[in-house]
2 protein chains.
Amino acid sequence: MTASQSAKPGKSAFRPLPVPQVDIRGFWGDRVDAVASRTADILYDRCVEAGMLDQIDPDRDPPGVRIPFHVNDGFTASTVTTQMFWDSDLGKTIETAAYSLYRRKNDALERKIDAVIDMYAKLQQPDGYLSSWYQRVQPGKRWTNLRDCHELYCAGHLIEGAVAYYQATGKRKLLDVMCRYADHIAAMFGPEPDKKKGYCGHEEIELALVKLARVTGERKYMDLAKYFIDQRGQQPHYFDEEARARGADPKDFHFKTYEYNQSHKPVREQDKVVGHAVRAMYLYSGMADIATEYGDDSLRIALDRLWDDLVSKRLYVTGGLGPSADNEGFTSDYDLPNETAYAETCAAVGLVFWASRMLGMGPNARYADIMERALYNGSISGLSLDGSLFFYENPLESRGIHNRWKWHRCPCCPPNIGRMVASIGSYFYSLSDDALGIHLYGDSTARFEVGGRPVSLTQTSRYPWDGKISIAVEPDAPTEFTLHLRLPAWCGKAALRVNGVEVDLDEVVSDGYAAIRREWHKGDRVELDLDMAVARLFANPEVRQDVGRVALSRGPLIYCVEETDNAGQLHRVALPRTATIEAHDEPNLLGGVVTLSAAARRDASENWESGLYRTEPPAVDETKLTAVPYFAWDNREPGEMLVWLRSS
Amino acid sequence: MTASQSAKPGKSAFRPLPVPQVDIRGFWGDRVDAVASRTADILYDRCVEAGMLDQIDPDRDPPGVRIPFHVNDGFTASTVTTQMFWDSDLGKTIETAAYSLYRRKNDALERKIDAVIDMYAKLQQPDGYLSSWYQRVQPGKRWTNLRDCHELYCAGHLIEGAVAYYQATGKRKLLDVMCRYADHIAAMFGPEPDKKKGYCGHEEIELALVKLARVTGERKYMDLAKYFIDQRGQQPHYFDEEARARGADPKDFHFKTYEYNQSHKPVREQDKVVGHAVRAMYLYSGMADIATEYGDDSLRIALDRLWDDLVSKRLYVTGGLGPSADNEGFTSDYDLPNETAYAETCAAVGLVFWASRMLGMGPNARYADIMERALYNGSISGLSLDGSLFFYENPLESRGIHNRWKWHRCPCCPPNIGRMVASIGSYFYSLSDDALGIHLYGDSTARFEVGGRPVSLTQTSRYPWDGKISIAVEPDAPTEFTLHLRLPAWCGKAALRVNGVEVDLDEVVSDGYAAIRREWHKGDRVELDLDMAVARLFANPEVRQDVGRVALSRGPLIYCVEETDNAGQLHRVALPRTATIEAHDEPNLLGGVVTLSAAARRDASENWESGLYRTEPPAVDETKLTAVPYFAWDNREPGEMLVWLRSS
């Protein structure tokens with residue numbers, strides 16, 4: 001099959017509903033409220049405390065030496081620090097603030113963001129270039145180390161921030177700044193002989209340029225995104241040539257292999273999910289956008305291979321990914337250590353980005369099931385219930401010393417989880433010319449147009465605590481379109497009724513979605529009943545760390561046991577295969593959750609005075625085990641936590 | 001209880017039989033042959049290849065920069081390398097060669113060692129000082145960094161080498177050199193006002209000075225050893241003052257806490273086994289020697305507390321110790337990770353040293369049982385069966401990538417295991433004025449004197465493969481003394497006969513030893529029958545890494561499963577509690593071993609196409625499990641290995 005390079009998107013292209021078109025209530029409403037009322041302000045305050053404004057404001061002294069980073073060839077070693085990606089942290093902070101403004105008026109924050117934008121406008125060079133680190137800390141070095149220094153990555157996040165802020169406030173200032181910068185980038189990079197053939201060591205610019213193209217209607221930004229993707233990993237290798245141009249040896253690359261930044265081979269030839277997990281997710285997200293926009297099957301095929309690799313060999317049951325701290329990323333197949341899991345919040349957020357963009361090629365539960373799992377578990381575990389504290393790593397087991405932080409020396413995760421939560425509405429639905437896909441369930445109202453006709457769609461549900469969903473479809477006038485309703489893979493028994501009439505799912509389900517095509521009228525009701533039984537999950541026995549163990553889930557939620565609900569030393573507990581697991585509504589616990597409980601066994605301490613080892617097995621006590629949703633852990637007393645329980 | 005500072009040893013002091021007084025055959029005979037015929041030469045050759053002779057030979061250029069080490073305050077950073085402990089590697093190489101000469105004439109090696117000794121004699125300064133690194137690489141810096149630079153540690157190992165070489169060859173040259181150096185050290189360190197109040201950051205000199213005192217009869221060396229022990233950890237802290245004298249901040253100590261080198265408090269107040277594991281073992285060995293020689297109960301009490309801490313909270317089932325690579329040592333109670341176990345060969349060797357010295361205070365199975373476990377498992381695992389390859393780390397689980405090395409950048413372990421094996425006879429027996437303790441069993445003949453009367457004692461046994469031991473006691477003339485026969489803790493059923501007459505063990509056993517006091521005559525026979533059943537061992541449930549798991553043992557040997565005898569992915573295997581485990585003599589396997597086998601279960605791979613996780617537990621296949629002695633692992637094809645099997 002040859003690559004389709006069609007300039008027009010495929011007919012079935014689905015695009016997410018813009019954030020303000022979805023009102024979120026219920027479970028996600030609480031999360032969005034926490035971000036809009038606390039996290040958005042906290043992000044700005046902590047960026048300021050970190051000294052970021054000293055770097056972008058041309059009227060201040062640039063900041064001194066900060067936390068060192070691992071780049072030193074051809075650069076001023078003492079000044080190569082985490083500062084080099086501060087523009088990205090501000091970009092994501094602006095983006096979080098923008099989405100939060102839809103939820104809650106916040107004039108004080110808006111004024112602060114406006115001031116930051118003024119600084120960026122003032123900092124921008126006459127040719128459009130804009131990088132606070134290169135301009136203020138490494139002057140004269142621009143475009144000399146795309147491999148390590150996050151230059152286009154920072155541009156990408158500022159573009160995303162600019163697009164979101166424009167959409168939320170109507171203010172074009174940052175958008176105009178970033179268009180000028182994007183024009184400059186387009187003048188520097190491209191296939192033309194006089195342009196650089198490079199791309200960023202940390203992907204991000206690609207998906208950002210797609211957003212910029214969509215909001216401005218400027219095709220050239222889309223083409224530039226496609227160029228960066230097409231060029232990645234081609235020979236001669238840009239990062240080799242760039243290193244030599246700096247007088248450095250390409251072999252001195254800190255991470256040794258270009259798998260680290262997914263430039264080890266052209267993207268269409270890639271078949272393993274490798275390297276730095278966040279970079280991988282951002283690349284694949286950009287590839288998915290381009291596959292959708294250009295109807296490019298060659299990218300879609302590569303993405304499907306990569307997806308299969310991830311979900312069949314390299315994904316935690318929480319939707320977390322990237323087990324190793326060494327490369328902040330992937331190791332070998334089935335290597336999924338629990339206690340040392342890196343599973344960066346940003347990586348799970350990135351997986352949500354990728355999965356949602358795979359849905360751009362049409363509703364498919366293959367992607368939406370994983371998106372839901374990453375959303376409800378491994379990503380929002382990164383934000384405390386009150387929106388004030390963060391996890392960078394999201395292990396599946398803890399001895400009690402892994403606790404939420406106020407901030408991180410590399411503060412990428414806090415604004416990433418902030419912007420994802422604040423824009424959650426856009427992950428619920430995607431729209432094509434004549435169809436709406438419902439990917440996520442939960443109390444919410446969406447507004448959209450089909451064939452020029454406004455439609456309102458309201459879900460009423462206690463999801464994820466209950467599987468009953470009632471959907472009111474309210475077109476302004478009768479309108480024919482297809483409603484694609486996801487039937488989650490975790491659900492063993494689903495029932496669907498349209499205006500009270502049972503639908504035979506066997507006849508309408510494809511790719512895990514029930515497709516209901518009809519002329520919709522005001523007052524139409526769709527009722528979906530998803531059986532939400534507690535499930536025991538077992539890992540493929542290739543996963544050495546989970547063998548003989550079991551994880552508990554209910555609906556989209558993965559559960560864990562915490563020390564505070566159980567005795568300590570959770571490793572002593574074993575859950576019998578035959579134990580009945582009960583679900584309990586606990587409206588006053590952790591903001592309102594369903595807990596699970598079961599009778600279990602616990603290795604006892606008696607008679608170990610003689611030493612560490614003996615021929616008599618430990619005595620076993622009866623105990624009761626209580627599990628809470630994984631996303632909610634470490635919101636009470638610090639203590640041990642365990643997802644994969646011993647199964648006996 | 002106040003400290004007894006008696007100048008005379010306690011009456012019951014037991015000292016190991018000198019190496020040449022024990023002829024070893026059988027299991028240990030094979031090991032000694034491997035060392036004498038291969039390892040001893042290999043050690044010398046690899047020390048030469050590493051460039052060590054360039055450092056000690058005053059007629060050559062000193063070596064260039066080698067592998068950097070983590071010391072740089074007040075020193076020439078670029079030259080602070082692993083070279084600083086090369087004298088110790090040569091000392092242990094000389095010691096291994098010396099013991100090997102008892103076993104096998106090796107004129108070529110002896111000539112090479114003589115040449116090395118000539119170099120040291122030539123290198124020694126007129127005042128007696130001798131350190132190739134300080135003299136050749138850091139001139140002018142002597143005695144300025146006892147904390148980090150292994151100066152007295154190197155002296156200790158050269159003393160041990162000198163004593164052994166003198167005993168084996170009668171050649172005094174190195175012994176005289178080291179006596180002069182010890183005299184110099186005694187002139188530098190001590191309680192007198194004009195002397196330094198220091199001691200070495202890496203203990204070793206203490207036990208070496210005891211050996212030197214014993215062989216020379218010079219009391220002052222013993223007193224110096226005692227001084228180093230008494231002074232350790234006293235305030236004001238020597239390492240603080242020494243750092244400040246170098247112009248360094250004591251807080252910049254790389255390892256942060258003086259627990260690292262056991263100088264965090266005076267030794268008699270210590271109650272936790274902490275820090276660098278080898279250092280700890282060498283310190284406790286020296287303390288035990290001094291406790292024996294001075295009848296010092298205050299040291300014995302501290303040692304008993306430390307022993308209890310080690311064996312009840314911090315010791316692997318293999319007798320390995322020190323789980324962490326970060327400090328090459330101890331972490332927290334019950335923290336015994338299997339795959340990442342550091343468990344340095346030197347640490348298990350050091351535990352054998354300590355345990356054997358605890359027996360200096362009288363036969364006690366509390367110490368001898370652990371000595372035997374460390375000997376047969378976690379220490380000799382560090383040497384390949386043919387004596388040519390080494391382990392530095394001795395994990396209890398491997399994915400197949402942990403394999404034996406030709407050498408190590410820090411080559412402490414190869415000569416340490418070499419000298420221990422080559423001197424194994426001295427661990428079998430210890431002798432007091434009127435008693436012989438038999439701590440280890442195995443085909444061997446010991447010669448010793450009681451009350452001036454020569455006695456020969458011959459064990460005939462297939463131990464450790466069989467628990468039947470026949471002991472012929474052959475005094476030159478009838479002699480009364482006590483024979484202490486160890487009844488191993490692993491043995492559930494023992495029978496003892498003297499000249500065919502059953503002994504009631506209840507009447508004669510104390511501290512795990514059967515004491516037979518009688519007038520012994522030529523032709524007396526003692527028969528010991530130790531039931532050698534296969535045992536399942538369970539760990540205290542405080543050990544999170546071993547919960548739900550079982551280790552197999554038979555006699556003194558801990559077993560493991562290797563990929564080569566089983567299918568790969570050993571984590572899939574579970575051993576049912578009810579499975580019968582059979583022992584098989586395998587004379588042609590791994591130099592002749594007893595293997596264990598059992599019917600077991602194995603998680604199957606079927607039907608995992610849909611992803612990593614599912615609600616159906618894995619199917620289980622019947623399989624056969626074959627285990628081999630842990631010490632013999634990684635002597636065939638590289639592959640996975642596992643000690644703690646899942647128990648089902």
Side-chain angles (χ1 to χ4, degrees), chain A residues 308 310-317 332 334-337 339-340 369-370 373 397 399 489-490 492 533 535-551 553 558 569-574 577 602-605 608-619 646-648, chain B residues 308 310-317 332 334-336 339-340 369-370 373 397 399 489-490 492 533 535-551 553 558 569-574 577 602-605 608-619 640 646-648:
Chain A
D308 188 59
L310 177 69
V311 302
S312 66
K313 301 187 179 74
R314 298 183 166 216
L315 188 65
Y316 283 103
V317 72
S332 53
Y334 306 108
D335 181 39
L336 295 164
E339 192 179 359
T340 62
D369 282 331
I370 297 293
R373 180 166 283 186
E397 178 173 354
R399 297 188 201 188
W490 53 256
R536 282 172 165 83
L537 297 181
F538 300 89
N540 186 321
E542 295 273 352
V543 183
R544 67 177 54 238
Q545 295 93 350
D546 298 338
V547 78
R549 294 181 177 263
V550 60
S553 69
I558 301 296
Q569 301 218 324
L570 299 170
H571 63 272
R572 291 181 184 237
V573 177
R577 282 273 173 92
R602 189 180 166 86
D603 283 5
S605 279
W608 284 97
E609 295 74 21
S610 59
L612 270 170
Y613 309 103
R614 71 180 193 197
T615 54
E616 179 82 7
R646 264 198 306 142
S647 177
S648 73
Chain B
D308 188 58
L310 177 70
V311 302
S312 67
K313 300 187 180 75
R314 300 184 166 214
L315 187 65
Y316 284 103
V317 72
S332 53
Y334 307 107
D335 181 39
L336 295 164
E339 192 179 358
T340 61
D369 282 331
I370 296 292
R373 180 166 282 186
E397 178 173 355
R399 298 188 199 187
W490 54 255
R536 283 172 165 82
L537 296 181
F538 300 89
N540 186 320
E542 295 272 352
V543 183
R544 66 176 57 237
Q545 295 94 348
D546 298 338
V547 77
R549 294 180 177 263
V550 60
S553 70
I558 301 296
Q569 301 217 323
L570 299 170
H571 63 271
R572 291 181 183 238
V573 178
R577 282 272 173 93
R602 188 178 167 86
D603 284 4
S605 279
W608 284 96
E609 296 73 22
S610 59
L612 269 170
Y613 309 102
R614 71 180 193 198
T615 53
E616 177 83 7
E640 293 180 40
R646 261 198 308 142
S647 176
S648 72

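Every chain is numbered from 1 and lettered A, B, ... according to where its sequence line falls, protein lines coming before strand lines.
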**Prompt:** Where does A:R572 contact chain B at under 4.5 Å (heavy atoms): side chain, backbone, both or neither?
**Reply:** both

**Prompt:** Can you say whether A:R602 sits under 4.5 Å from chain B via the side chain, the backbone, both, or neither, judging by heavy atoms?
**Reply:** neither

**Message:** Nearest 0.5 angstrom please: A:Y316 OH to A:D546 CG, how far?
**Reply:** 8.5 Å

**Message:** Let me confirm one number: the CD1-OH distance from B:I558 to A:Y613, rounded to the nearest 0.5 Å.
**Reply:**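 Answer for the CD1-OH pair, B:I558 versus A:Y613, is 9.0 Å.
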
Top contributor to chain A interface from [options] [non-hydrogen pairs under 4.5 Å]:
options: B:E542, B:R536, B:Q569, B:Q545; answer: B:E542
options: B:D603, B:T615, B:L570, B:L336; answer: B:T615
options: B:S605, B:S312, B:G611, B:P541; answer: B:P541
options: B:V317, B:V543, B:D308, B:L537; answer: B:V317

**Fill in**
Applying side-chain contact (heavy atoms from CB on, under 4.5 Å) to A:A604 and not counting sequence neighbours gives A:E606, A:A619, A:D621

**Complete:** Residues at least two apart in sequence or cross-chain that pass side-chain contact (heavy atoms from CB on, under 4.5 Å) with A:V311, listed by chain then number, are A:W307, A:L315, A:I370

**Request:** Before accepting this row, confirm whether a basic side-chain N of the pair A:R544/B:E640 lies closer than 4.0 Å to the acidic partner's carboxylate O.
**Result:**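 Salt bridge present between A:R544 and B:E640.
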
